[in-house]
Amino acid sequence: MNYWLMKSEPDVYSIADLKGDRTCTWDGVRNYQARNFLREMIRGDLVFFYHSNTKIPGIVGLVRVVETGIADPTQFDMNSEYYDPKSQFDSPRWQTVRVEFVEEFAKLISLDILKQKFSADEIWVVRKGTRLSVMPISESAAQKILNMRESNN
């Protein structure tokens with residue numbers, strides 16, 4: 001099993017939205033490095049759900065990868081802001097995964113707290129200028145985050 005962090009703006013799609021939906025396809029990723037990380041995911045991987053572009057950004061919950069190798073449907077939708085006219089049905093450019101809700105944390109683990117507890121090499125989200133929406137998390141860092149959740153930071 002691997003660990004990941006995926007960002008979403010809460011006014012676009014929040015942990016509460018996923019809790020209500022139970023599962024979702026993580027569509028609209030249009031960065032090749034982030035897409036490649038999505039391609040590396042396997043069923044059962046755990047993902048930290050991170051609210052970005054908000055007053056206090058941070059990790060708000062945990063989700064699990066339940067399906068991989070999905071062609072992102074938004075690349076073929078001409079009405080979508082994520083439409084990609086160069087992508088072909090027989091050779092899709094953008095793949096994604098389906099995730100399921102696992103847990104909403106009782107308390108957000110803020111970016112400020114993450115910066116205090118982790119180096120930029122341990123968790124990429126604390127790196128200055130990192131804008132990736134999907135990134136790997138080492139098992140040791142993931143365990144520390146899970147312990148922080150249980151101990152209220």
Side-chain angles (χ1 to χ4, degrees), residues 2-41 43 45-87 92-118 120 122-137 141-142 144-153:
N2 302 303
Y3 297 90
W4 307 90
L5 182 142
M6 295 195 313
K7 295 180 184 177
S8 181
E9 296 177 12
D11 61 337
V12 175
Y13 196 79
S14 70
I15 190 75
D17 294 326
L18 180 55
K19 186 176 184 178
D21 294 343
R22 301 301 305 161
T23 67
C24 79
T25 301
W26 202 265
D27 58 22
V29 173
R30 293 298 180 269
N31 172 285
Y32 285 106
Q33 187 174 12
R35 182 223 40 204
N36 291 343
F37 288 142
L38 288 167
R39 286 179 172 175
E40 290 178 29
M41 291 181 181
R43 189 174 179 183
D45 282 355
L46 290 177
V47 180
F48 294 99
F49 196 117
Y50 183 97
H51 280 174
S52 63
N53 198 21
T54 186
K55 185 176 180 181
I56 303 175
I59 298 172
V60 295
L62 193 63
V63 304
R64 180 180 298 110
V65 176
V66 293
E67 187 178 350
T68 61
I70 301 168
D72 184 333
T74 61
Q75 68 192 310
F76 305 118
D77 180 354
M78 291 173 47
N79 296 316
S80 171
E81 66 180 294
Y82 302 111
Y83 174 64
D84 183 348
K86 294 182 180 177
S87 195
R93 214 180 248 205
W94 305 104
Q95 285 80 35
T96 192
V97 298
R98 177 168 280 284
V99 296
E100 71 179 354
F101 175 83
V102 173
E103 171 186 359
E104 183 174 4
F105 293 173
K107 185 177 176 190
L108 169 134
I109 303 173
S110 72
L111 178 58
D112 286 342
I113 290 171
L114 293 172
K115 286 179 177 179
Q116 293 169 19
K117 305 280 184 181
F118 296 95
E122 290 178 294
I123 297 183
W124 294 6
V125 75
V126 304
R127 289 182 183 173
K128 211 172 188 82
T130 295
R131 299 190 44 84
L132 282 177
S133 62
V134 179
M135 59 193 77
I137 300 280
K144 280 173 68 173
I145 294 168
L146 291 170
N147 291 336
M148 290 168 67
R149 165 207 70 195
E150 293 167 1
S151 68
N152 252 350
N153 302 329

Go through the steps for Trp94 and Val29 under the test side chain to side chain contact (heavy atoms under 4.5 Å, CB included), then give the verdict.
CA-CA 8 Å; Trp94 305 104; Val29 173; 5.6 Å; no
Do [X] and [Y] have side chains that approach each other closer than 4.5 Å (heavy atoms only, starting at C-beta)?
| X | Y | answer |
| --- | --- | --- |
| Tyr50 | Pro57 | yes |
| Val47 | Val65 | yes |
| Leu108 | Ile59 | no |
| Gln33 | Met135 | no |

Between [X] (side chain only) and [Y] (backbone N and O only), is there a donor and an acceptor less than 3.5 Å apart?
| X | Y | result |
| --- | --- | --- |
| Glu67 | Arg98 | no |
| Arg64 | Leu46 | no |
| His51 | Ile15 | yes |
| Ser14 | Ala16 | yes |

In chain order, what residues pass the side-chain contact (heavy atoms from CB on, under 4.5 Å) check against Arg39, with sequence neighbours excluded?
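Listed in chain order: Arg35, Asn36, Gln95.
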Just to verify, what does Glu9 make a side-chain contact (heavy atoms from CB on, under 4.5 Å) with, not counting sequence neighbours?
Asp11, Val12, Ser52, Asn53
Taking all non-hydrogen atoms of both residues into account, name the closest pair between [X] and [Y] and its distance.
| X | Y | result |
| --- | --- | --- |
| Pro10 | Asp17 | O-OD2, 4.3 Å |
| Met41 | Asp45 | CA-OD2, 3.5 Å |
| Pro92 | Phe76 | CB-CZ, 3.9 Å |
| Ile70 | Val97 | CD1-C, 3.8 Å |
| Val126 | Leu111 | CG1-CD1, 4.2 Å |
| Phe49 | Val63 | CD1-CG1, 4.0 Å |

Spatial distance of atom [atom1] ([X]) from atom [atom2] ([Y]) [nearest 0.5 Å]:
| X | Y | atom1 | atom2 | result |
| --- | --- | --- | --- | --- |
| Phe101 | Lys19 | CZ | NZ | 5.0 Å |
| Ile137 | Met6 | CD1 | CE | 11.5 Å |
| Ile123 | Leu5 | CD1 | CG | 7.5 Å |
| Met148 | Leu114 | CE | CG | 5.5 Å |
| Ile56 | Ile109 | CD1 | CD1 | 13.5 Å |
| Leu62 | Leu146 | CG | CG | 6.0 Å |

Asp21 and Tyr13: side-chain hydrogen bond (donor to acceptor under 3.5 Å, both in side chains), yes or no, with the steps?
CA-CA 11 Å; Asp21 294 343; Tyr13 196 79; 2.7 Å; yes
Would you indicate whether Arg43, at its atom CZ, is surrounded by more than 12 heavy atoms from other residues, nucleotides or ligands within a distance under 6.0 Å?
no
Counting heavy atoms not belonging to Lys144, are there more than 12 under 6.0 Å from its NZ?
yes
Scan Trp26, Trp124, Tyr32 and name whichever one has a ring-ring contact (aromatic ring centres under 6.0 Å, His included) with Phe37.
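So the option named by the test is Trp124.
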Begin with the C-alpha distance, continue with both residues' side-chain angles, and end with the deciding distance and a verdict on side chain to side chain contact (heavy atoms under 4.5 Å, CB included) for Val99 and Val66.
CA-CA 5 Å; Val99 296; Val66 293; 5.8 Å; no
Using only heavy-atom distances, determine whether the side chains of Thr74 and Asp77 contain a donor-acceptor pair under 3.5 Å.
no
Apply the test salt bridge (charged side-chain N to carboxylate O under 4.0 Å, His left out) to residues Asp72 and Arg30: give CA-CA distance (whole Å), side-chain angles for both, the deciding distance (0.1 Å), then the verdict.
CA-CA 10 Å; Asp72 184 333; Arg30 293 298 180 269; 3.1 Å; yes
Check this for me, if you would: do Arg149 and Glu103 make a salt bridge, where the nitrogen-to-carboxylate-oxygen distance has to be below 4.0 angstrom?
yes
Step by step, would you call Val125 with Thr130 a side chain to side chain contact (heavy atoms under 4.5 Å, CB included)?
CA-CA 6 Å; Val125 75; Thr130 295; 5.8 Å; no
